[in-house]
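Input: a single structure, listed below in structure tokens.
Sequence positions, counted from 1, serve as the residue numbers for this chain.
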Amino acid sequence: MENKLLEYLENHQPATPSNWREKAEWRRENRDWIRHSQEIALAMLNKMDELKMSQTALAKQLGCSQQYVSKLLKGGENLSLETISKIEKALSITIIQPLCGGQTDSAIMGAAEPTEEYNPTCDSE
């Protein structure tokens, strides 16, 4: 019985070994920016729903393909500042809060008000 089971497993194993461990380690190593990417994707989806905007329409405003917008909305893209800025402009949302000066909307992305632990100051003020 045991020999038949081993023979069956050997005959049905995949041709290439699984790389689940490498993928899991990569996700662990990159969890911080992945979490931010997921939060951005959620904010984008919420605003797109509010505006009744399609992925195709957003892609046109961003100057990219609908497939790339789909990747952004899956929450696993490591976004550049340029891309974030384009998203902010296209959807009229704030993703990155200014450290000093300017108007802020702490409701966007669930940002908290500065605390004593983290209260940036500007040299120019």
Can Y68 be reached from L91 by stepping across I, L, V, M, F, W or Y side chains whose heavy atoms are under 4.5 Å apart? yes
Answer yes or no: is there a donor N or O on one side and an acceptor on the other, between the side chain of Q66 and the main chain of S54, under 3.5 Å? no
Which pairs would a plain distance check flag for residues 14-25, meaning a side-chain donor or acceptor within less than 3.5 Å of a matching protein atom at least two apart in sequence or in another chain?
{"unit_1": "S18", "atom_1": "OG", "unit_2": "W20", "atom_2": "N", "d": "3.2"}

Let me confirm one number: the CG-CG distance from L51 to N46, rounded to the nearest 0.5 Å. 11.0 Å
How far does CD of Q55 sit from CE of M48, to the nearest 0.5 angstrom? 5.5 Å
Hey, what do you get for OG (S37) to CG (L42), rounding to the nearest 0.5 Å? 11.5 Å
Do I84 and M53 belong to the same hydrophobic cluster, where Ile, Leu, Val, Met, Phe, Trp and Tyr are linked whenever their side-chain heavy atoms lie under 4.5 Å apart, directly or via other members? yes
Going from CG on L62 to OG1 on T83, what distance comes out if it is rounded to the nearest 0.5 angstrom? 8.0 Å
When you compare the side chain of R35 with that of D32, does any pair of heavy atoms fall below 4.5 Å? yes
Rounded distance [0.5 Å steps], CD1 in I34 versus CZ in R28: 12.0 Å
Give me the atom names and distance for the closest heavy-atom approach of M44 to L58. CE-CD2, 3.7 Å
Could you check whether E50 pairs with K47 (Lys NZ or Arg NE/NH1/NH2 to Asp/Glu carboxylate O, under 4.0 Å)? yes
What distance do T94 atom OG1 and I87 atom CD1 have between them, rounded to the nearest 0.5 Å? 12.5 Å
Could you give me the CA-CA distance, side-chain angles and deciding distance for L79 and H36, then say whether side-chain contact (heavy atoms from CB on, under 4.5 Å) is met? CA-CA 10 Å; L79 304 171; H36 290 301; over 6 Å; no
Shortest non-hydrogen contact from L72 to A41? O-CB, 3.4 Å
Can you pull the salt bridge (charged side-chain N to carboxylate O under 4.0 Å, His left out) pairs that have at least one residue in residues 52-71, sequence neighbours excluded? K71-E77
For Q13 versus E10, what's the shortest heavy-atom pair and its separation? CG-O, 3.4 Å
Between W33 and L81, is there a shared hydrophobic cluster once you connect ILVMFWY residues whose side-chain heavy atoms come closer than 4.5 Å? no
